[in-house]
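Just so it is clear, the values below take in all heavy atoms, side chains as well, and ignore hydrogens, waters and symmetry mates. Every chain is numbered from 1, with letters handed out A, B, ... down the list of sequences.
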Amino acid sequence: MIEIRWHGRGGQGAKTVSQILAQILMREGKHVQAFPEYGPERSGAPVKAYDRISDEEIRIHSGVYNPDIVAVIDETLLESENPTDGLKPDGVLIVNTPRSADEIRRKTGFQGKIIAFNATKVAQEAGTGFPNVPMLGAVVAVLGVDPQVAEEELKETLSHRLPPEVVEKNLKAFRAGYEAAKEVYVGS
Amino acid sequence: MQKTVVGYRKAMTGHKAVAEAMRQIEPDVVAVYPITPQSEIAEYYAEYVHNGVVRTELVPVESEHSAMSACVGAAAAGARVMTATASQGLALMVEVVYIAAGLRLPIVMALANRSLSAPINIHCDHSDAYLARDSGAIQIFAESAQEAYDYMIIAQKLAEDKRVRLPVLVNLDGFTLTHTLQVVELLPDEAVKGFVGEFEPIHPLLDVDNPSTWGAFAMPDYYFELKRAQQAGMEAAPEAFLEVQKAFSELSGRAYRGFFEAYRLEDAERAIVVMGSTAGTAKVVVDELRERGEKVGLLKVWLWRPFVREELVKLLGHLEAVAVLDRALSFGNMGALFLDVTSAFVHEDKRPVFVNYIYGLGGRDVTTDQIKRVYEELKGARPSHELRYLGLRE
C-alpha cells in the first residue's frame, strides 16, 4: 500500500487533486481511498488531503501517519506545518518552490528523495495559475503511472466543470509538472 | 459467489454512493432540510431532480422536524419515501421518527453518523444513532461506502416487507465514509429497480374510495395493544432481513450473510465487537495478529435493531474474552452495544469475559495501535464493571 499526504491552503485544490489521483489509479485497476482532513473551512488555511493506493481492497479507515509521498503545494507551509512529519525515510518529498532540492533538504532535514520544482511558474506558463495540477503531474511521475491514462482521467473529470480551453491548459500544466518531476526523479 | 448482474466500478464518496442508490430506487418523495448538518446526499439528489434524472418530488422544508413530518405525510398518502440526515438533524427529527415507526411507515433514511452537541463538533461518532435506538426504526450499520450503497437497497425492500413495515436507518460513519473517495461497484439501474419492485402501500390516505384514519388517538384501552403489534413488526424483521440480504447477495455477487459478520471467529479466543467503519481497521489488525499466531477475531454488527441475541450467542459463545466497542457514551451506564451483547448471554452458563471500551468520540481517529491495545488487554481479562476509554488523553 502506498500512502500520500498533500499539503495545501484552502482554495488551492489539494482535495481536488487527491481525488483525481485516486480516480487515475482506479483506472489502473488499483484500490484507492482519498480523503481530506476537515477543520473549519476557510480560504488560505492549511489543508491536508490523503490518498491510499493498493492492489488489494483497502479496509483500514484510520488517518495516514507515515506517508510514502508528501506533496507540498504551498511552500510557506514548510514554515508553519511540518510536512515531513512521519514521512518514511525512504519516501519522496515533492515541493512547489523556486528553490533547489538542496535548499529544501537543508530547510527540512529530510534525507530521502526530494523533488523541488516551481509548480506555480509551470501553472502560470500553462495559463491556469493553479499549482495543484502540475503537482499532480509530479506525483503521477513518482508513482510511475502511464501519463496518458492520467491525462484521460484528468480531462474527463475537469470537463464536467470547466470549459474545453481551460481543460486544455490544465492538461498542459499537468504534462509540464509530470516532465519536470520525471526528469529530476529519474536523475536522482 | 455467483451473481446475476454485472455491475460497474467507480470511485466515489459514501455520500455519492448513497445518493446513487437513491437515484436508482427513485422514490416518489424525498423531503430534506438543506442546511448543515445536512449532507451532500441531499445536494446530489437535488441535482438529479433538477436535471430530470429522477421524477421524485423533492420537498425542501424549513427544519429536520418538518423533513420527517413531510416524509410521514407522504408515506401515509401512499408514496415511497426516502431522506437523509446527520447529527443534530436526527436529534430534531427523532420525535417524528417515533411517529413514523408507530404508524408503520417504511421510510428509508441514510444517517451520516456524527456527534451531538455540546461541545459543537461535526465529526464522526454514533451518538446520533444511539439517540434513535428505541424509536422503533430498524438500524443497519455499514463498514464501507460499498456496504452503505448495498444496504440502502436492502433497506428499501426490508422496510416495505409487509411483515415488517417500519422505517429503516442506514448508518454510515460521517467523514470516514461519507467524505472519503472509495471504489464502489454499482448495480445497473434496472437491476436495482427490479429488485426493490413496486411499492404497495397499505390503506393509503389517497385511496379516497376506501377512506382510512391515520394517526388516531389510542387511550389506555388500545395503546398497549398497538405498541405490542408494532413490536411484532420488529420481531418479523430478522427473518425478512435474511431473505432480502440473500436475494441481494445472489443479485450482486457480494456475500452478505447474517445479522453479524463473523471475521476469523471460528477458532478465535479473543474478539472485538464493533459497528461501522472501525470494523475495517480492526480486520487489518486481526490479519496482522493472526500472522503472528494469535487467535483473534472480529464480530461486526450489521443489524443493530432489532438485535438478534440467539445468533450472537452462537457466534461468540466459545470465546475466552470479548471487547465490545461503543462509539457513544450512554451516560450513567456501560455502552449500549455492550449491554446488548452481554444481556444476550444472561441465560448462558458458559460465556466469555466481556470488557467495554468507549472509542472515537467526536471524530477521534481510530488507529490500528488502539485496536492492538484492545486485543492485548483481552489477554487474561477478568470480569469487571470498569468502563474503559480508547484513544483518550488522560
Side-chain angles (χ1 to χ4, degrees), chain A residues 1-6 13-42 47-67 85-86 136 145 149-150 152-154 156-157 160-161, chain B residues 8-16 36 47 114 120-124 142-147 172-185 254 261 263 274 276-288 298 300 327 359-360 363-372 391:
Chain A
M1 177 140 62
I2 296 171
E3 295 180 316
I4 301 167
R5 185 171 65 215
W6 298 84
K15 176 185 160 189
T16 303
V17 284
S18 74
Q19 294 192 334
I20 295 174
L21 181 68
Q23 285 162 353
I24 291 168
L25 271 300
M26 207 203 106
R27 273 194 187 226
E28 291 263 278
K30 304 285 185 187
H31 286 269
V32 293
Q33 267 184 8
F35 55 99
E37 192 166 280
Y38 281 93
E41 289 169 48
R42 51 200 199 282
V47 171
K48 280 179 250 177
Y50 305 89
D51 284 289
R52 280 197 175 100
I53 302 156
S54 175
D55 290 326
E56 269 132 55
E57 186 192 348
I58 302 173
R59 295 187 296 197
I60 191 165
H61 286 290
S62 57
V64 168
Y65 295 96
N66 297 109
D85 186 34
L136 175 66
V145 177
V149 174
E152 276 166 33
E153 179 59 44
L154 183 65
E156 197 179 307
T157 305
H160 291 305
R161 35 187 144 158
Chain B
Y8 55 105
R9 283 156 39 102
K10 282 177 92 170
M12 65 181 76
T13 63
H15 274 151
K16 179 75 172 171
T36 196
E47 209 173 291
R114 300 196 194 189
I120 296 173
N121 171 284
I122 54 168
H123 288 277
C124 178
E143 178 192 320
S144 59
Q146 180 72 63
E147 286 198 3
L172 68 159
D173 283 346
F175 291 97
T176 316
L177 296 183
T178 59
H179 290 63
T180 298
L181 204 75
Q182 300 146 83
V183 179
V184 179
E185 186 179 300
R254 289 188 280 282
E261 183 187 357
Y263 188 75
V274 74
S277 66
T278 303
T281 307
K283 284 177 187 171
V284 173
V285 174
V286 167
D287 288 354
E288 196 184 318
L298 171 82
K300 177 178 84 184
R327 202 164 188 172
Y359 77 102
R364 176 61 48 85
D365 196 24
V366 189
T367 64
T368 50
D369 284 348
Q370 289 173 19
I371 306 284
K372 275 180 207 159

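- The minimum heavy-atom distance between A/Arg59 and B/Asp287, with the atom names listed, is NH2-OD2, 2.6 Å.
- In this structure, OG1 in B/Thr367 is found 14.5 Å from NE2 in A/His61, a value given to the nearest 0.5 Å.
- Checked options B/Leu177, B/Thr180, B/Thr13; the residue passing with A/Phe35 is B/Thr180 (criterion: side chain to side chain contact (heavy atoms under 4.5 Å, CB included)).
- Of the inter-residue distances, the one linking A/Gln19 atom CD with B/Met12 atom CE reads 12.0 Å to the nearest 0.5 angstrom.
- Side-chain contact check for B/Arg9 versus A/His31: some heavy-atom pair is nearer than 4.5 Å.
- Within the 4.5 Å cutoff, the side chain of A/Met26 has no heavy atoms near those of the B/Gln182 side chain.
- Of the atoms belonging to A/Tyr50, not a single heavy atom falls under 4.5 Å from chain B.
- Side-chain contact check for A/Ile60 versus B/Thr368: some heavy-atom pair is nearer than 4.5 Å.
- Around the NZ atom of B/Lys372, the shell of radius 6.0 Å holds more than 12 heavy atoms that belong to other residues, nucleotides or ligands.
- A 4.5 Å side-chain heavy-atom check between A/Ser62 and B/Asp365 finds at least one atom pair inside the cut-off.
- Using a 4.5 Å cut-off between heavy atoms, B/Val183 contacts chain A through both its backbone and its side chain.
- Minimum heavy-atom separation, B/Ala11 to A/Gln23: CB-CG, 4.0 Å.
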